[in-house]
Number of protein chains: 2
Amino acid sequence: MTMSTTGGGRRRPPTIHDVAREAGVSRGTVSRVLNGGHYVSPAAQEAVNAAIRKTGYVVNRHARSLITGRSDSVGFLLTEPQERFFEDPNFNVLLRGCTSALAAHDIPLLLMIAGTPDERRRITRYITAGHVDGVLLVSSHSGDPVAAELREAGVPLVSCGKPIGPGSSASKVSYVAADDRDGARDMVRHLLSLGRRRVATVAGPLDLPGGVDRLAGYREVLAEAGLPVDEDLIVSGDYSRAGGESAAARLLDRAPDFDAVFVASDLMAQGVMSALQKAGRRVPEDVAVGGFDDSPAALTTEPALTTIRQPWDRISAEMVRVLLAQIGGEDPAAVILPTELVRRASA
Amino acid sequence: MTMSTTGGGRRRPPTIHDVAREAGVSRGTVSRVLNGGHYVSPAAQEAVNAAIRKTGYVVNRHARSLITGRSDSVGFLLTEPQERFFEDPNFNVLLRGCTSALAAHDIPLLLMIAGTPDERRRITRYITAGHVDGVLLVSSHSGDPVAAELREAGVPLVSCGKPIGPGSSASKVSYVAADDRDGARDMVRHLLSLGRRRVATVAGPLDLPGGVDRLAGYREVLAEAGLPVDEDLIVSGDYSRAGGESAAARLLDRAPDFDAVFVASDLMAQGVMSALQKAGRRVPEDVAVGGFDDSPAALTTEPALTTIRQPWDRISAEMVRVLLAQIGGEDPAAVILPTELVRRASA
DNA sequence: TCAGGCTCTGTGAGCGTTCACAGTAGAGAA
DNA sequence: TTCTCTACTGTGAACGCTCACAGAGCCTGA
């Protein structure tokens, strides 16, 4: 049960002491080289680096953390009823992007999923105990109790997406989001530029900022074009494919003469197109369809879906940048990034 | 740059010393309570627990790790050209499952993605330096240099999926996989039970164990049914939708009279169905189609795809179980889990 | 009675770092 | 020369925990 359990044998790794001996300097000097190299002579610098290479030394992060109080790691926290995000391929891009951006700083990412109450408790305790330096938060409503508790404990926190909630406290929260409203404006303008005049919309859930902002963009463009806003042309769904199908059914029922529809998510757009085609409408000839997200689903529809791409790679990079800045003592910041219209066959 | 940077104020957390003082015992006794509670009187036990609750004490994992040499964390390593896995929704189930299973043991999961050479180097160094106790590996070919290096360094490792490579060393590798061969058998038997007799197959890449085993299952069932194996009925693809389309084209060209096809992945099955339908074949009337994976794509086809479900939730749980056992000193183990036939409309 | 065993407890050492401090050497100024 | 300043280096604490050990009290059996 003690010596050499597993094959291959993990021997004791070299310590800063070994490096110091090898280089013929003291621990302190090695430490200085490791942390920026100020006040260390070129000769010592060189000797230490050579010794590090020779011994294969890697700093023991536990020992370092013990004294610095930093953990040099950050958490990636999902408080969402996770299925929703886990099925969203963009989520993967986000997760991958955050991991890479952190890796460049040599900071590991700890994945935390707050599903069950037990998990929520564990995670809260883990984070507030200081085992991570900061948290990348993915949660549609930042009124989430876990998030609130973390904020209260003063843990550096960056949300993905605009947080909902009271404006007063929200101003203190860092977040990075795509410009939902502007993306919606682009899409609706595009539909109008195609000559469509009865433009409907399937909005997202209106208790979420994304849903609200995309709908606002829709309204703005109609107003700016001098078109009346017909409330019969506005329905909303839950971002799912099935939600899109039933939304389209309602639309066909209430205002069968629409000639374009802006759908607030690609998944819903998939459902909308399927429902329209079953009802005998041709896309895009009879009804032009525009989505939002540019998910892989947008390529599997027939015809391929015109949509709005959110800059997920930039979002993840900015989240990490803002979080690290905040860990470094800077104030919370909000970042809004531009979207992009992706023209395909459905509009 | 020093005192009270961020608002909210993170004060110094209580230490084991504070708990000991509060409970009127020594550090040693508190430590014993924390680690299993052997050789400690009920009275002391109770006093310590009360003190922990009162002070809100949480163990400092860095201090603990420094002395135990364990990190009490594990890595989840992706060495794959990651797009492939990141777009596979099953991957999300796996990642989520591993996170939860580990959370139950209070072990954080570090997400590591070995994409660029720089990332590979960083990750290898991080792991071999002992910053994680073990690694959950997702990689189709375990001949991967990172994996090989980890194995050489004696790092506990569990692969997801049967590793390819020389049988001799492979026997020392832990892995958890679905029973590909048996799943394939089930599907082909199902197709035969429908009365089909010219059953084709679109195999996966034959340099991957999954591809090989699924094809082996196909051959076995034909043999056991006394049916000839017509090599014209066997083509293979790369698991992608496009690969399925071109495979179907080849099949239609070489053996146009087949009345069923077992496709080694749902994504390919999607392509196969689309190609068949474009060629005027009805599914399932003319050709019954069976997939493999039970991905969400299986629900979007028309008709819905009959397929084989891999027990991803159990796979993740087993991976964690085997890894923790191995970290605890047990020998590597291989676990094969049963699949399940999901009957839908395409067969 | 004493030896030997159990159960329980406290103490000192040490894990590998960083940090504050004290010190050295050399350059330049008085 | 002597004094100060700067550039650099070494040293002894810590950080918060676990582990090995020593020892205390008690029970059991010879």
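Throughout, a chain's letter reflects where its sequence line sits, starting with A, and its residues are numbered from 1.
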In whole angstroms, how far is the C1' atom of C/dT17 from the NE2 atom of A/His17?
-> 12 Å
What about B/Arg27: does its side chain form a donor-acceptor pair under 3.5 Å with the base of C/dT11?
-> no
Round to the nearest Å and state the distance from B/Arg64 atom CZ to D/dC15 atom C1'.
-> 16 Å
Picking from D/dT18, D/dT9, C/dT7, which would you name as closest to the side chain of B/Tyr39?
-> C/dT7
Using whole Å, report how far NE2 of A/His62 lies from P of C/dT17.
-> 11 Å
Could you state the atom-to-atom distance from CG of A/Asn35 to C1' of C/dA20 in whole Å?
-> 15 Å
Specify the separation, in whole Å, of atom NE2 of A/His38 and atom P of D/dT9.
-> 14 Å
Nucleotide D/dC15, atom P - distance to CG of B/Asp18 in whole Å = 11 Å
According to a strict under-4.0 Å criterion, is B/Ser41 in side-chain N/O contact with OP1 or OP2 of C/dT9?
-> yes
Is it true that the side chains of A/Arg96 and A/Ser100 contain a donor and an acceptor less than 3.5 Å apart?
-> yes
Check every atom of C/dG10, D/dC17, D/dG16 against the side chain of B/Leu66 and return the nucleotide holding the closest atom.
-> D/dG16
Listed nucleotide nearest any side-chain atom of B/Ile67, set C/dG12, C/dT17, C/dG14 | C/dG14
What integer distance in Å separates B/Leu34:CG from C/dT9:C1'?
-> 16 Å
Side chains of B/Thr55 and B/Glu22: is there a donor and an acceptor less than 3.5 Å apart?
-> no
Between the side-chain atoms of B/Arg12 and the base atoms of D/dG16, is any donor-acceptor pair under 3.5 Å?
-> no
Between atom CZ in B/Arg70 and atom C1' in D/dC19, what is the gap in whole Å?
-> 12 Å
Report the relative orientation of the aromatic rings in A/Phe91 and A/Phe76; use parallel for angles under 30°, tilted for 30 to 60°, perpendicular for over 60°.
-> perpendicular
For A/Arg32 and A/Pro14, take the nucleotide of DNA chain C holding the closest heavy atom to each; which residue's nucleotide lies nearer the 5' end?
-> A/Pro14
Is the phosphate of D/dG10, meaning OP1 or OP2, less than 4.0 Å from a side-chain N or O of A/Ser26?
-> yes
Under 4.0 angstrom, heavy atoms only, what part of the nucleic acid is B/Arg61 near: base, sugar-phosphate, or nothing?
-> nothing
With respect to the phosphate group of D/dC15, does any side-chain polar atom (N or O) of A/Thr68 fall under 4.0 Å of OP1 or OP2?
-> no
B/Asn60 side-chain N/O to D/dC15 phosphate OP1/OP2 under 4.0 Å = no
Closest non-hydrogen atoms of B/Leu157 and B/Leu323, given as atom of the first, atom of the second and distance, are N-CD1, 3.9 Å
Give a yes/no on whether any side-chain N or O of B/Ser31 is located under 4.0 angstrom from OP1 or OP2 of D/dT18.
-> yes
Mutual orientation of the aromatic rings belonging to A/His131 and A/Tyr126 [parallel < 30°, tilted 30-60°, perpendicular > 60°] = tilted
Decide, yes or no, whether a salt bridge links B/Arg321 with B/Glu318 under the criterion of side-chain N to carboxylate O below 4.0 Å.
-> yes
Which nucleotide in the list D/dT9, D/dC15, C/dT9 gets nearest to the side chain of A/Ala44?
-> D/dT9
